[in-house]
Amino acid sequence: MRLILLGPPGAGKGTQAKMLKEKFQIPQISTGDILRAVDEDTELGVEVKKIMAAGQLVPDDMVVDAIKERIRQADCATGFILDGFPRNIAQAEKLSETLIDMSLAIDNVIDLELDPEEVVERLTGRSTCSNCGAMFHQVSRPPKVSGVCDGCESKLAQRSDDNIETIQKRLKVYEESTAPLKEFYKKQGNLITVEAKGSVEEIFSHVCKMIER
Ligand code: AMP
């Protein structure tokens with residue numbers, strides 16, 4: 001099963017990707033996580049951090065090369081979930097070329113739809129476990145103990161780009177560069193649209209129904 005998760009920041013791509021990973025036992029590949037892990041003490045790390053803090057996209061080559069290498073690894077043999085990639089048409093075209101070279105195809109592109117007003121509310125309230133990556137929200141999914149992960153009891157952290165100014169920039173970049181991918185994949189006939197409202201479990205159940213049609 002090879003899946004792509006589309007949708008604006010805050011639509012729940014990361015959360016749904018983690019649930020799909022458990023259900024289908026395939027890896028979640030998040031370009032955001034890959035970029036956040038780049039060593040900040042290198043020239044590249046400083047540059048990446050600057051771009052992310054500005055809410056812009058890093059150069060295509062950087063993420064395309066990382067994805068090309070990642071999907072060739074052994075754990076991707078039975079499938080993978082792309083979370084946050086592709087982010088523009090050029091990246092989608094490179095992905096298509098790579099998959100054709102590997103004689104593979106994407107099964108479903110899941111577009112999680114969410115209104116821009118809700119994006120701001122969701123992102124300003126979210127926090128992530130610094131150890132296991134579990135996600136929480138101060139209103140819709142509060143941790144049992146404030147600031148502490150329910151699962152592994154590690155500290156929760158807010159992402160540095162989840163501030164109102166950067167969120168507005170990320171939304172603009174989404175509308176201009178990423179939203180056109182809906183039409184791109186619709187034409188390929190594998191786009192699934194799911195309203196990203198309701199509980200995490202409700203959205204997941206909807207996603208699964210659409211995948212298993
Ligand atoms: P995310 O964790 O998916 O919200 O991504 C956080 C940030 O990482 C984005 O705002 C971009 O700066 C960068 N990023 C993640 N994925 C990509 C991508 N496919 N292409 C370019 N930049 C990306």
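As a basis for the values below, the full set of heavy atoms in this structure was taken, side chains included, without hydrogen atoms, waters or symmetry mates. Atoms within a ligand are numbered from 1 in the order they appear, just like the ligands themselves.
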A.B. asks: Check the surroundings of atom CD in Glu212: do more than 12 heavy atoms from other residues, nucleotides or ligands lie under 6.0 Å from it?
C.D. replies: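 Atom CD in Glu212 is packed in, count exceeds 12.
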A.B. asks: Any Lys/Arg nitrogen of Arg70 or Asp75 sitting under 4.0 Å from an Asp/Glu carboxylate oxygen of the other?
C.D. replies: yes
A.B. asks: Check whether Lys23 reaches the backbone of Lys18 with its side chain - one donor and one acceptor, N or O, closer than 3.5 Å.
C.D. replies: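 Judged by distance alone, no pair lies under 3.5 Å.
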A.B. asks: Taking only heavy atoms of the protein into account, state which residues are under 4.0 angstrom from an atom of ligand 1, in chain and number order.
C.D. replies: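 The answer is Thr31, Gly32, Leu35, Arg36, Met52, Gln56, Leu57, Val58, Val63, Gly84, Phe85, Arg87, Gln91, Arg159, Asp161, Arg170, counting any residue whose heavy atom sits under 4.0 Å from ligand 1.
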A.B. asks: Where do Phe204 and Gln16 land on the side-chain contact (heavy atoms from CB on, under 4.5 Å) test, with the steps shown first?
C.D. replies: CA-CA 6 Å; Phe204 184 61; Gln16 295 297 321; 3.3 Å; yes
A.B. asks: Kindly say whether Val119 contributes a backbone atom to a donor-acceptor pair with the side chain of Arg122 at under 3.5 angstrom?
C.D. replies: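 A pair under 3.5 Å: no.
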A.B. asks: Can you name the residues that form a salt bridge (Lys or Arg N to Asp or Glu O under 4.0 Å) with Glu113, not counting sequence neighbours?
C.D. replies: Lys182
